[in-house]
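What follows is one structure encoded as structure tokens, with my remarks underneath.
In what follows, every chain begins at residue 1, and chains take the letters A, B, ... in the order their sequences are listed.
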Amino acid sequence: MSILDALNPPQREAAQTIAGPLLVLAGAGSGKTRVLTYRIAHLIDEVGVPPWQILAVTFTNKAAGEMRQRIANLVGDAVDAIWVGTFHSICARLLRYEAEAFGMDANFSIYDESDRRSLLRRVFEQLNISEQELAPRAVIGQISRAKNAMIDPYRFVQESGNAPGKEQIAEIYTAYEAALRQNNALDFDDLLVEVVRQFQQHEEVLAKYQQRFHYLLIDEYQDTNRPQYLLTKQLAAGHRNICCVGDDDQSIYQFRGADLRNILDFERDYPDTATVRLEQNYRSTARILEAANAVIENNRDRKGKNLWTESASGELIGLIECDTDRAEARFVVETLKRQARENNLSLRDIALLYRTNAQSRTFEEELQRAGINYAIVGGIRFYDRKEIKDLLTYLRLLINPADDVGLRRIINEPKRGIGDASVQRLQVYADQHSLSLFAALDHLDEVPNLNARAVKHLQAFRDLMHQLLAAHNELDLPTLGEEVYERSGYRQMLADERSPEAETREQNIGQLVADMAEFAADHDEPTLTTFLEEKSLMTSGDEAEENAEAVTLMTLHSAKGLEFPLVFIGGMEENLFPTSRAVDEAQENPQAIEEERRLFYVGITRAQQLLYLTYACQRYTYGSLRETEISRFAGEVPSELVDMQRIESASANHSRGRSTPRNRPAFAPSDSEIPKKKPPPQGVHYEMDADISTQQSNEFADFVDQEDFLTVDRWVMHPQWGRGQIVKREGSGSSTKLHIRFKSTVKKVMVAYAQLEPA
DNA sequence: CAGCGGTTCATTTTT
DNA sequence: TGAACCGCTG
């Protein structure tokens, strides 16, 4: 009797082939995650491998969390010692651990896209380049590409040679890297590239990890880029027990440097590779699978495989023509309502997929009109909201005061009378004396041209930061968050505004503090650094709530790895899906369309039972109605699998932009009567009760001790995770922590912040 | 220095 | 359609 008895023969082979290199080619829905988790459980429970010798790399934090949970179900607490994470989070961790050996400052900031842009703006200023003559976006793209090709500025300069404009890019790249270092900051690309480089230069450190990690597992190997590939190779060189899992047909991130060769050439890199193919699909109906196979067949650049299934044939695939994007959204909403009713589906079973985030709006509007709950994955991350990012930036500065990009962001946020002119003067002084802006604040009397008023405001800001620095050493995480919120004047600013938007922001900040509390409760050593690191490496997909009764809206990219009984893919139009870019590129290089096709393949294979493909003959783009053409991909689905329909809009009343419903019930408001309120904030954050969130923690302490519903075995409601049962209670007063079992996971929460209610 | 209003420009996809 | 940026005014 083995754990592996639950697997089919190829799955079992993949799970128990533990020595040497192993490539698992896992088709969509073939039980890939199952194999990975059972493999790890097998290693620990049946082979006796200590869990800390295992490293598992996933594509998203969410996938890492799910894998952890599923492994825990099999092996229990042993899961805690396994390293599971994304390449980026693992690299960030490595860099902090080994900062000393690597000769780095462990307190580095991690720059996201907007920080990166701000930094580039500064570099443009330095080099006297205007954003008109050179698009920052393009420059960032080129720099990023160079980094991912492991070309440093020095080599870039050498190789830029005669290509027009390259010389200038080289200059910018050099200055950009220097600026990053001055700010003690790394961008996303750096996290990977730095580790690879440092390992090359510090073999003794690499050797340590090579010895430690006896077993490596890399998921979504088809989407690894060059540095990820190199890092994998470096680490695997020790014990050579490397297991890569992937599907060349689902490679959809080549646009950001993923290299299909990593998987196609795996057997060349490791000549003694064992290869296992998982080709039985357990997810979709036969028709859906057949459609997927037929579509991907059109790609030349693939290893080739054929998924099969024992499932019933299922329904035909709907291919629906609509007049406009609005009609498309109406059709989708009507159909999902009907299908949910007829097939007894939960809203959770339904996904609306699209190529670009911009397409979500119409769907959102129609869902709102119909009163259907929805959740968006992607789009704006919670941690990208202005107020959240501002607060996190204050916190970031407490760790790394040399972070000029961060300092500029918050020095006058909220407004405290420090304008651009003053910052500019401070910057000049800082540059002359090779100081950070923060350090320059200590020499205000030496900064030329500052008037008394500016000096006063700058002093006040400096004092504020020093107070917060002191607070950082004394307070626990959530309390520090509240302190920053209060002392910075941010709370006051929002309170003064008295608008619904400000109220939402206040609630979001309440959520941030609650997150900090959760983090504190969940980690043995909750430091600000690790908190910030986790949050800056999170994606919006990681935030999605699973228990919510809501339809899921997301891009096809975000949908990778997920499955739903009912799936709609909208916008099946040329120049949208495939994108106009891909279409243009295909003129010269027919392969250019293949990544789009793989994306379509990913989309189709998300569907378990029912699949609809929809397109609109006219679509609003850039604010005006444009004619469209059906996507070539629609025609690649064999016609015998398709039920084609045209949805007639009753009258041509859509010419006014927002059309009115055809058979509008007398009692329903028309569009113009609906208050043009912004859609509710995405995700789960809008449900929070403002009154509760702004309570002080010590008021809660008394409350907590009085409340008798917070005892073991009782059921409670958590605003984020829903209903759960208390399994354990730790500590007392304001530091009381509870372990609560929710539907799919056990969470530790801090009572003082968790806003629990009896259930 | 801050806030307003006008203009311009853009849409892939995301760790 | 919108966000984001610029320049003007109070």
Base, sugar-phosphate alone, or nothing: which one does Thr555(A) contact when heavy atoms must sit under 4.0 Å apart?
sugar-phosphate
Using a 3.5 Å distance criterion without hydrogens, assess whether the side chain of Ser631(A) forms a donor-acceptor pair with backbone atoms of Phe577(A).
yes
Base, sugar-phosphate or nothing for Asn357(A)? Non-hydrogen atoms, less than 4.0 Å.
sugar-phosphate
Under-4.0 Å side-chain N/O to phosphate OP1/OP2 contact, Arg116(A) with dT15(B)
no
Taking CG from Asp420(A) and C1' from dG7(C), how many angstroms apart are they, rounded to a whole number?
13 Å
Contact class for Asn412(A) (heavy atom, under 4.0 Å): base, sugar-phosphate, or nothing?
sugar-phosphate
Does the distance from a Lys or Arg side-chain N to an Asp or Glu carboxylate O, for Glu194(A) and Lys147(A), drop under 4.0 Å?
no
Indicate whether Phe255(A) forms a stack on dT13(B); treat it as stacked only if centroid distance is below 5.5 angstrom and interplanar angle below 30 degrees.
yes
What's the closest nucleotide to the Glu113(A) side chain, out of dT13(B), dT15(B), dC5(C)?
dT15(B)
Using a 4.0 Å heavy-atom cut-off, does Arg137(A) contact any base of the nucleic acid, only the sugar-phosphate backbone, or nothing at all?
sugar-phosphate
Please classify the nucleic acid contact of Gly623(A) as base, sugar-phosphate, or nothing, using heavy-atom distances under 4.0 Å.
base
Give one of base, sugar-phosphate or nothing for Arg121(A), where a contact means two heavy atoms less than 4.0 Å apart.
sugar-phosphate
Closest to the Tyr622(A) side chain: dG2(C), dT11(B), dT15(B)?
dT11(B)
Under 4.0 Å between any heavy atoms, over every strand shown, what does Ser580(A) touch: base, sugar-phosphate, or nothing? Just pick one.
nothing
Looking at every strand, decide which applies to Phe577(A) at a 4.0 Å heavy-atom threshold: base, sugar-phosphate, or nothing.
nothing
Within the structure shown, what part of the strands sits under 4.0 Å from Glu595(A) by heavy-atom distance: base, sugar-phosphate, or nothing?
nothing
Spacing of the P atoms in dC6(C) and dT11(B) (rounded, Å):
16 Å
Between Ala454(A) and Thr60(A), just flag the one whose closest nucleotide in DNA chain B comes earlier from the 5' side.
Ala454(A)
Closest to the Arg361(A) side chain: dA3(C), dT15(B), dC5(C)?
dA3(C)
Give a yes/no on whether any side-chain N or O of Thr621(A) is located under 4.0 angstrom from OP1 or OP2 of dT1(C).
no
Looking only at side-chain N and O atoms, does Gln492(A) offer a donor or acceptor that is under 3.5 Å from a partner on Asp496(A)?
yes
Classify the nucleic acid contact of Ala421(A) as base, sugar-phosphate or nothing, counting any heavy atom under 4.0 Å across all strands shown.
sugar-phosphate
So Tyr253(A), base contact, sugar-phosphate only, or nothing? Heavy-atom distance under 4.0 Å.
sugar-phosphate
When you check the side-chain N and O atoms of Arg597(A) and Asn299(A), is any donor under 3.5 Å from an acceptor?
yes
Ignoring hydrogens and geometry beyond distance, is a side-chain donor-acceptor pair present between Gln359(A) and Thr356(A) at under 3.5 Å?
yes
Rounded interatomic separation in angstrom, taking CD from Glu413(A) and C1' from dA2(B):
12 Å
Select base, sugar-phosphate, or nothing to describe what Ser558(A) touches, counting heavy atoms under 4.0 Å on all strands.
sugar-phosphate
